[in-house]
Amino acid sequence: MTPLRLRGVTLRNRLVVAPMCQYSVTDGFVGDYHLVHLGRFALGGFGLVIVEATGVTAEGRISHGDVGLWSDEHVPGLARVVDFLHAEGAAAGIQLAHAGAKASSRRPWDGGGPVTEENARPGEHPWPTVSASAVPAGDGWPAPAALTVAELAGVRDAFVAAPAPSRGSRRACEA
Ligand SMILES: Cc1cc2nc3c(=O)[nH]c(=O)nc-3n(C[C@H](O)[C@H](O)[C@H](O)COP(=O)(O)O)c2cc1C
């Protein structure tokens, strides 16, 4: 396998695991599920393993089951996964995300579409969504609140803050 150099990171080969939402965490916290799910790809020899779409804000999650990085408290779980990937020779990546009008969705195997009080899992209420415009994601979806320019800057800042070294989350996003 030919190593691939990308700026400061050298992958051991060109095999990359794309981000794949698992909708399998609570309140954004990864645990054993993600250690096994992502760790197996490192054991399998991939050069780069990219963590699934990860909410930079709670309201920007696709679903209640999304991985999150809007709090320092999310860092240890992700760092544990990254340490394992590195120990097995893989580089780690993460897809930082904001779902906009598609936030507050049901998990695909629950039927997809927007969460409502009627179809919600116990304790998993719908939440008001925000986006760049008030255009709904589709028929039957609630209209998101249109963010102001200042509020959009806040979303931008959340993307910047999510992997910020000062928050101790550096290892969660660096190879
Ligand atoms: C289970 C599953 C979850 C996925 N989750 C994400 C995701 O979190 N972010 C993303 O950008 N794409 C996601 N995708 C899309 C994949 O990253 C990829 O683009 C798609 O599978 C097509 O890849 P391919 O052209 O190599 O088959 C997901 C795909 C699958 C099958």
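Every value quoted in this text rests on a predicted model; they were computed, and no experiment measured them. Each ligand, and each atom within it, is numbered from 1 in the order the structure gives. FYI, side chains are in, hydrogens and waters are out, and symmetry mates aren't considered; it's all heavy atoms of this structure.
- Using a 4.5 Å heavy-atom threshold, the side chains of Leu35 and Phe84 count as touching.
- Under the 4.0 Å distance rule, the nearest protein heavy atom to atom 4 (C) of ligand 1 falls inside the cut-off.
- The protein does not reach atom 23 (O) of ligand 1 closely, with no heavy atom under 4.0 angstrom from it.
- With ligand atoms numbered from 1 in the order given, ligand 1 contributes 7 (C), 8 (O), 9 (N), 10 (C), 11 (O) to contacts under 4.0 Å with heavy atoms of Gln95.
- The proximity of Gln22 to ligand 1, defined as any non-hydrogen pair under 4.0 Å, does not occur for either the backbone or the side chain.
- Listed by number with element, the atoms of ligand 1 under 4.0 angstrom from any heavy atom of Ala53 are 8 (O).
- The main-chain N or O of Pro3 is never found under 3.5 Å from a side-chain atom of Arg14 such that the two would form a donor-acceptor pair.
- Less than 4.0 angstrom separates atom 28 (C) of ligand 1 from at least one non-hydrogen atom of the protein.
- The closest side-chain heavy-atom distance from Asp66 to Val25 is not below 4.5 Å.
- A donor-acceptor pair under 3.5 Å is absent between the side-chain atoms of Arg107 and the main chain of Ser63, judged by distance alone.
- Not a single donor-acceptor pair under 3.5 Å links the side chain of Asn13 to the backbone N or O of Leu4.
- Side-chain contact between Cys21 and Ile62 is present, with heavy atoms from C-beta onward closer than 4.5 Å.
- In this structure, atom 19 (O) of ligand 1 is not in close contact with the protein, since no protein heavy atom lies within 4.0 Å of it.
- Checking atom 12 (N) of ligand 1 against the protein gives a heavy-atom contact under 4.0 Å.
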Check residues 95-105 and write down every donor-acceptor pair under 3.5 Å in which the side-chain atom is one partner and the other belongs to a residue at least two apart or another chain.
residue	atom	partner	partner atom	Å
Gln95	OE1	Ala53	N	3.4
His98	ND1	Gly100	N	2.9
Ser104	OG	Trp127	N	3.1
Ser105	OG	Lys102	O	2.6

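- For atom 14 (N) of ligand 1, the closest heavy atom belonging to the protein is Pro19 O, 3.5 Å.
- Screening His34, His64, His74 for a ring pair (Phe, Tyr, Trp, His ring centres under 6.0 Å) with Phe29, the sole residue that qualifies is His74.
- Remark: ligand 1 and Ala18 share no N or O pair separated by less than 3.5 Å (distance only, no angle test).
- Protein heavy atom nearest atom 30 (C) of ligand 1, with residue, atom name and distance: Met20 CG, 3.9 Å.
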